[in-house]
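Since the structure is predicted, the reported quantities are computational estimates derived from the model, not experimental observations. Note on naming: letters A, B, ... go to the chains in the order of the sequence lines (proteins, then strands), and numbering restarts at 1 for each one.
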Amino acid sequence: MVTARIEAYLRGAIDDARKAGKLPAIETANLGLEKSRLEGSDYSSTLPMRIARAVGAAPRAIAEAIVGSASDSPMLASVEVAGPGFINFVLADPWLAEQVDDILQHGPAHAVPRLGGGVRAQIEFVSINPTGPLTVGHGRIAAFGDVLARLLKAVGYDLQREYYVNDYGNQVRLLGQSIYSHYAGQLGEDVPFPLNGYKGKYVEEWAQEVAAQAGRKYLDMTEDEAVDALSIEGVARSLAMIRADLDELQIGFDNWFSENSLHQAGDVRRVIEVLRQSGYVTEREGATWFSHGDSSHERENVLVKRTGETTYLASDIAYHVNKFAERKFDRVVNVMGADHHGHTARMYAAMDALDLGRSKLTFVLCQMVHVVVDGVPVKQSKRSGDFELLGQLVNEIGSDATRYFMISRAADSQMEFDVDLAKKKSDENPVHKIRYAHARIASILRRAEKAGIDFSDGDTSLLDRPQELGLIRAMLDYPEVVSAAAKSLEPHALPHYALSLASAFNSYYHVHRVISPDVQLTKARLKLAMAVRMTVAAVLGLMGISAPDEMIREEAE
RNA sequence: GCGCCCGUAGCUCAGCGGAGAGAGCACUGGUCUUCGGAACCAGGGGUCGGGGGUUCGAAUCCCUCCGGGCGCGCCA
């Protein structure tokens with residue numbers, strides 16, 4: 001990474017300045033080095049301004065002292081003091097040109113730092129109740145989690161992807177009851193539809209299928225038995241739908257973890273006892289409570305209901321014990337909807353209570369997606385049966401565009417998804433521009449191959465035009481963008497970067513011909529084009545978006 | 001009433017302590033007919049919700065108000 005190299009260089013200069021007595025000892029943990037926003041400068045450090053007060057000197061004087069001690073480096077064309085006390089670094093053109101060979105030889109991913117260092121980590125995402133199909137809102141969590149997983153893996157985590165299947169409790173039973181009611185109706189029996197039951201059309205369809213396949217089988221048993229059996233049936237069918245929707249988005253999981261299995265193993269009851277022995281449990285109003293924080297009742301949550309059933313919180317605590325104590329994950333990232341944010345404080349409290357190490361657990365909350373159709377917001381509610389389905393959306397605009405839209409925004413921003421706009425504008429969508437840039441480069445490379453041009457001996461030092469050097473600079477940002485996105489768990493930097501890289505190539509393409517009568521220049525530029533193709537493909541790969549070698553041109557409307 | 005998130009260009013959103021505030025779309029004008037035009041270039045458009053504060057420096061941090069979303073012990 002370029003920043004790491006400039007940091008090392010800057011530290012050397014600071015050391016030298018200090019040895020020469022031009023600078024007192026200073027804290028250099030954070031050099032304040034980042035990409036410069038100023039034109040004509042690549043990177044800049046704000047260190048002199050930050051330490052000015054502690055050092056008791058003017059920022060510019062500090063900067064001058066550091067720059068004065070800086071040695072020459074083939075990487076840098078200039079190191080200068082600017083403005084109120086910035087140190088600006090400009091990369092050297094010949095060094096930039098060399099980086100093309102480096103990218104071709106090692107690949108764009110080579111320079112991505114291994115932040116994960118092989119740490120055993122898990123990302124849990126989607127984990128939607130298996131009571132129906134995924135909505136567009138779920139699609140955001142799915143796409144976001146998937147890209148985050150790709151990022152964490154790219155950065156060197158030993159990562160497992162998990163879906164927590166809530167195949168236990170009231171919601172699942174409610175689904176069973178909903179199916180049962182429709183099923184009975186099919187066969188001429190009147191079983192009232194449960195309050196808050198699942199009203200989606202799929203429930204009726206399943207009931208019809210069950211009636212057709214099983215006949216009166218479920219009417220011949222007790223209602224309890226029938227509901228139990230149909231709950232299991234409903235969960236299986238829901239999971240099949242969910243998997244199908246996820247498949248459409250190219251999203252897969254390494255493990256599907258059953259909540260019910262925790263109950264079967266006795267883990268849920270066991271963890272309640274552990275909490276009780278540590279003094280975190282109180283009995284009140286006929287229920288059992290997880291008591292954390294001060295003595296007020298505000299920090300209390302039910303573990304065992306008056307009915308004797310355990311709550312979701314109890315299962316989830318047992319689940320996290322399983323993740324950390326049993327399966328020994330050193331880092332767990334949970335991606336979920338922001339409507340669950342109240343749950344995070346309780347889980348952190350449980351992590352503390354059980355001494356599991358709260359810093360190993362991170363929650364990422366995706367804000368709601370407001371679906372707009374015909375300019376009217378569609379109220380998303382799985383239970384009212386009035387919702388926009390993810391499957392429909394993917395069918396209409398495709399996996400690539402859906403993923404691109406879903407990960408383009410920061411998780412903590414709400415998002416408006418205008419289905420009509422996405423459909424109508426899909427041809428003008430940024431994702432097309434990026435994929436098109438890739439296809440265009442592939443086409444150029446095909447043409448070169450047909451012409452029998454072997455550019456393996458191309459001399460990249462011929463790449464000295466501003467647009468060429470700009471493209472190389474953009475490619476050097478790849479590892480920076482990937483590592484920053486992985487570190488902050490913010491995949492939305494990727495689509496923005498991909499777009500700027502594609503735009504940089506398109507600009508270049510319109511100013512300079514890659515294939516020209518100048519054979520040497522052609523070879524050098526083919527190398528450049530190849531490196532850009534590789535980098536574009538790498539970002540698209542991280543986003544889970546296809547990088548086609550050719551695109552079929554559709555007729556204009 | 002309490003807690004979390006958001007309020008930046010006409011629209012959808014980046015930027016989240018640094019140097020004239022950006023992108024995509026939309027709009028206006030231009031290049032060009034190309035190694036795939038689903039292209040490129042230029043332009044207009046912003047009291048960064050309002051007001052205080054901290055700082056050498058605030059869209060960015062703190063307080064407060066206004067507006068929107070979500071949540072608030074026995075749903076998951």
Side-chain angles (χ1 to χ4, degrees), chain A residues 32 34 36-39 41 44-46 49-50 52-53 58-59 82-86 88 127-129 131 164 166 168-172 174 196 259 284-291 297-316 337-346 365 367-368 370 405 408-418 421 425-430 432-433 435-437 439-448 451 492-493 495-496 499-500 503 506-516 522 525-526 529 550-551 553-554 556:
Chain A
E34 53 187 37
S36 180
R37 294 190 204 165
L38 207 63
E39 214 171 313
S41 166
S44 64
S45 168
T46 56
M49 291 177 288
R50 289 154 180 264
R53 172 169 288 193
F86 293 94
N88 285 347
S127 298
I128 303 308
N129 287 347
T131 52
Y164 183 44
N166 301 125
Y168 182 90
N170 284 342
Q171 296 306 323
V172 169
L174 206 50
N196 297 325
E259 178 186 359
R284 183 162 55 83
E285 298 169 27
T288 301
W289 304 70
F290 172 42
S291 174
H297 289 167
E298 278 177 24
R299 295 288 173 78
E300 292 190 345
N301 308 93
V302 173
L303 292 168
V304 183
K305 308 177 204 172
R306 248 186 309 238
T307 58
E309 297 167 291
T310 54
T311 61
Y312 174 77
L313 175 64
S315 317
D316 211 26
D339 52 341
H340 291 70
H341 80 260
H343 188 60
T344 62
R346 303 194 275 274
L365 303 173
Q367 290 290 332
M368 305 288 101
H370 298 290
F405 258 93
S408 291
R409 268 105 214 191
D412 50 15
S413 287
Q414 283 171 34
M415 181 174 149
E416 194 166 294
F417 206 119
D418 187 328
L421 192 72
K425 303 290 181 198
S426 65
D427 285 356
E428 296 148 41
N429 197 295
H432 288 261
K433 183 183 276 193
R435 297 174 73 241
Y436 189 77
R440 171 181 274 161
I441 299 170
S443 166
I444 294 171
L445 293 171
R446 271 197 303 275
R447 175 173 280 252
H492 70 269
H496 293 278
L499 186 60
S500 70
S503 297
N506 284 338
S507 301
Y508 170 64
Y509 167 90
H510 276 269
V511 183
H512 301 295
R513 294 199 130 244
V514 175
I515 299 171
S516 69
T522 297
R525 287 180 173 175
L526 283 168
E550 51 189 330
M551 288 176 81
R553 183 178 279 146
E554 288 169 13

If you only use heavy atoms from C-beta on, which nucleotide in [options] is closest to the side chain of [X]?
X         : options                : answer
His492(A) : G15(B), A76(B), C41(B) : G15(B)
Lys305(A) : C74(B), G73(B), G37(B) : C74(B)
Ser507(A) : G36(B), G73(B), C41(B) : C41(B)
Arg513(A) : U34(B), C13(B), A19(B) : U34(B)
His341(A) : G71(B), A19(B), G68(B) : G71(B)
Asp339(A) : G18(B), G71(B), A76(B) : G71(B)

- [ ] Would you indicate, yes or no, if G73(B) has its OP1 or OP2 atom less than 4.0 angstrom from a side-chain nitrogen or oxygen of Thr311(A)?
- [x]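 Looking at the OP1 and OP2 atoms of G73(B), neither is under 4.0 Å from any side-chain N or O of Thr311(A).
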Open item on the list: Looking at Arg440(A), I'd like to know whether one of its side-chain N or O atoms comes within less than 4.0 Å of OP1 or OP2 on G37(B).
Closed with: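 The answer is yes; a side-chain N or O of Arg440(A) sits under 4.0 Å from OP1 or OP2.
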- [ ] Write down the atom of Ser413(A), the atom of Gln367(A), and the distance for their closest heavy-atom approach.
- [x] O-CB, 3.6 Å
Can you pull every protein N or O that's under 3.5 Å from an N or O on nucleotides 42-44 of chain B?
none

Task: Between C65(B) and C2(B) - P atom distance, rounded Å - done: 9 Å
Task: Pairwise 5' ranking along RNA chain B for Arg306(A) and Phe417(A), keeping only the more 5' one - done: Phe417(A)
List every contact pair, protein side and nucleotides 58-61 of chain B side both N or O, where the distance is under 3.5 Å.
none

TODO: Round to the nearest Å and state the distance from Met368(A) atom CE to C6(B) atom P.
DONE: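 Interatomic distance, CE of Met368(A) to P of C6(B): 14 Å.
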